[in-house]
S.K.: 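Before we start, here is the structure in question, set down as structure tokens.
Convention: sequence-line order gives letters A, B, ...; per-chain numbering from 1.
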Amino acid sequence: MPELPEVEVSRLGISPFLIGNDIKKIHVYQANLRWPVPEAVYLTEGLAITSIYRRAKYLLLETVMGSLILHLGMSGKLRVVDRTTPRIKHDHVDIELTTGKVLRLNDPRRFGAFLFQAPNETHPLLTKLGPEPLTEKFNANAIYQRSRGKQLAIKQFIMDNHVVVGVGNIYANEALFKAGIDPRRAAGNISLARYQKLVGHIKETLHQAIAQGGTTLKDFAQTDGRPGYFAQQLLVYGKAGQPCPQCFRELAEVRQNNRSSVYCRTCQK
DNA sequence: CGGTCTACCTGAAAGC
DNA sequence: TGCTTTCAGGTAGACC
């Protein structure tokens, strides 16, 4: 499922229901997510959620005793429902509030996570992450320098969490198309000027998707339970064999590290 | 270290 | 129709 825009949209969607309200009880129906759910999550029962922020694709719900950490993996969804709403298949975790609302995590593939971090600590998973893509810390100069000497394909380079977080397969494809860069090109073989273009397109693409409520394919629903928006304008992802939106020649597809890359042989070099 | 590959899990879709 | 195979938006950790 979710790429960064969906996670950000989820954050915006759930915040009004959660911030300032008390956690009544945490219900873990399936503790075997990507990592076992730690007992420490129960330390937050009885406490108010003071803020919710996002780091990469992790959501952190803060209380004075520590933060609950959520990750949606490939198939996770968050919804805010009434306490009495019956659970459905793959509803694994409920964060029940004293308001009668419940933040409910549904995740068929269980690649998601529900973890905890103590106050003034950073969970080990969050310590090695690269810059946020929508901040100044992610800029052309920095990744140009970092890419020198690398034979790694540019697509894999920008999907590396140490380089920049939050660029998943969909947006890597889209941004490379907009920047006119062949996804297979060696990262170390790309000029600063082209990195400037690429960085701009990554930021723009993510901004657009957030603004439109997150790209919605089959797995995402709005956090208040309404179905999500459908198909923002993706230019190339999932469109192999169809005409390039720019030159109308057939879009090609290759696999890189087991992930599909769709690109235009003519427009991307 | 840099780069590649597997593993985790379910379900939809495609192939036969 | 039904069985088998492939693929899916993530990413840590093992491996060479």
S.K.: By nearest atom, which of the nucleotides dT11(C), dT4(B), dC7(C) is closest to the Arg255(A) side chain?
M.R.: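 Selected nucleotide (nearest to the side chain): dC7(C).
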S.K.: To the nearest angstrom, how far is Lys77(A) atom NZ from dT10(B) atom C1'?
M.R.: 13 Å
S.K.: Take atom CD of Glu3(A) and atom C1' of dT11(C), then tell me their distance rounded to the nearest Å.
M.R.: 13 Å
S.K.: Under a 4.0 Å threshold between the charged nitrogen and the carboxylate oxygen, would Lys178(A) count as salt-bridged to Glu204(A)?
M.R.: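 Yes, charged N to carboxylate O under 4.0 Å.
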S.K.: Using Watson-Crick and G-U wobble pairs whose two distances are both under 3.5 Å, how do you write the pairing of DNA chain B as dot-bracket, with | for links to another strand?
M.R.: .|||||||.|||||||
S.K.: Does the pair Arg54(A)/Glu132(A) count as a salt bridge with the N-to-O cut at 4.0 Å?
M.R.: yes
S.K.: Hey, does the side chain of Ser75(A) come within less than 4.0 Å of dG9(C)'s phosphate (OP1/OP2), counting only N and O?
M.R.: no
S.K.: Considering non-hydrogen atoms only, spot the tightest contact between Trp35(A) and Ala113(A) and give its length.
M.R.: CE3-CB, 3.9 Å
S.K.: Contact between Ile190(A) and Tyr144(A) at the side-chain level, heavy atoms closer than 4.5 Å - yes or no?
M.R.: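 Not in contact.
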S.K.: Without decimals, in angstroms, what is the distance between Asp160(A) CG and dG10(C) C1'?
M.R.: 13 Å
S.K.: I'd like to know if Asp107(A) and Lys77(A) make a salt bridge, using a cut-off of under 4.0 Å between side-chain N and carboxylate O.
M.R.: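 Looking at Asp107(A) and Lys77(A), the cut-off is not met.
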S.K.: Same cluster or not: are Ile143(A) and Tyr171(A) linked, directly or through other Ile, Leu, Val, Met, Phe, Trp or Tyr residues, by side-chain heavy atoms under 4.5 angstrom apart?
M.R.: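 Yes, same cluster.
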S.K.: Under 3.5 Å, which donor-acceptor pairs link side chains of residues 191-198 of chain A to any protein atom two or more places apart or in another chain?
M.R.:
from      : atom 1 : to        : atom 2 : distance (Å)
Ser191(A) : OG     : Arg194(A) : N      : 3.2
Arg194(A) : NH1    : Lys269(A) : O      : 3.4
Arg194(A) : NH2    : Gly180(A) : O      : 2.9
Arg194(A) : NH2    : Lys269(A) : O      : 3.1
Tyr195(A) : OH     : Ser147(A) : OG     : 3.4
Tyr195(A) : OH     : Ala187(A) : O      : 2.7

S.K.: Atom NZ of Lys155(A) to atom C1' of dG10(C): distance rounded to whole Å?
M.R.: 12 Å
S.K.: Do we count Phe111(A) as stacking onto dC8(B) if the rule is ring centres under 5.5 Å and planes under 30°?
M.R.: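 A stacking contact exists, since Phe111(A) sits close and nearly parallel to the base ring of dC8(B).
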S.K.: Between dA12(C), dG11(B), dG9(C), spot the one nearest the side chain of Arg259(A), thanks.
M.R.: dG9(C)
S.K.: Give the ring-plane orientation class for Tyr29(A) versus His27(A), where under 30° counts as parallel, over 60° as perpendicular and anything between as tilted.
M.R.: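 The arrangement is parallel - the two ring planes meet at less than 30°.
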S.K.: dG3(B) and dG9(C): how far apart are their C1' atoms, nearest whole angstrom?
M.R.: 23 Å
S.K.: Identify whether any heavy atom of Lys89(A) sits under 4.0 Å from a base atom; if not, whether one sits that close to sugar-phosphate; answer base, sugar-phosphate or nothing.
M.R.: sugar-phosphate
S.K.: Rounded to whole Å, how long is the line connecting atom CZ of Arg109(A) with atom P of dA8(C)?
M.R.: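 Distance check: Arg109(A) CZ to dA8(C) P gives 10 Å.
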S.K.: Rounded to whole Å, how long is the line connecting atom CD of Gln156(A) with atom C1' of dT11(C)?
M.R.: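 Atom-to-atom, Gln156(A) to dT11(C), this comes out as 14 Å.
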S.K.: Whole-Å distance between dC7(C) C1' and Asn169(A) CG?
M.R.: 12 Å
S.K.: Using a 4.0 Å heavy-atom cut-off across all strands, classify Arg110(A) as base, sugar-phosphate, or nothing.
M.R.: sugar-phosphate
S.K.: CG of Asn161(A) versus C1' of dA12(C): gap in Å, rounded?
M.R.: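 It is 10 Å, rounded to the nearest whole Å.
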S.K.: With the side chain of Glu6(A) defined as its heavy atoms from C-beta on, choose the nearest nucleotide among dC8(B), dG9(C), dT4(B).
M.R.: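 Nearest to the side-chain atoms of Glu6(A), counting from C-beta on, is dG9(C).
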S.K.: DNA chain C: Lys128(A) or Lys57(A), which has the more 5' nearest nucleotide?
M.R.: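 So the residue in question is Lys57(A).
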S.K.: When we call it a touch if two heavy atoms are under 4.0 Å apart, what does Tyr58(A) touch: a base, just sugar-phosphate, or nothing?
M.R.: sugar-phosphate
S.K.: Tell me whether the side-chain N/O atoms of His71(A) come closer than 4.0 Å to OP1 or OP2 in dG10(C).
M.R.: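 For dG10(C), OP1/OP2 do not have a side-chain N/O of His71(A) under 4.0 Å.
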S.K.: Are any of His90(A)'s side-chain N or O atoms less than 4.0 Å away from OP1 or OP2 of dC9(B)?
M.R.: no
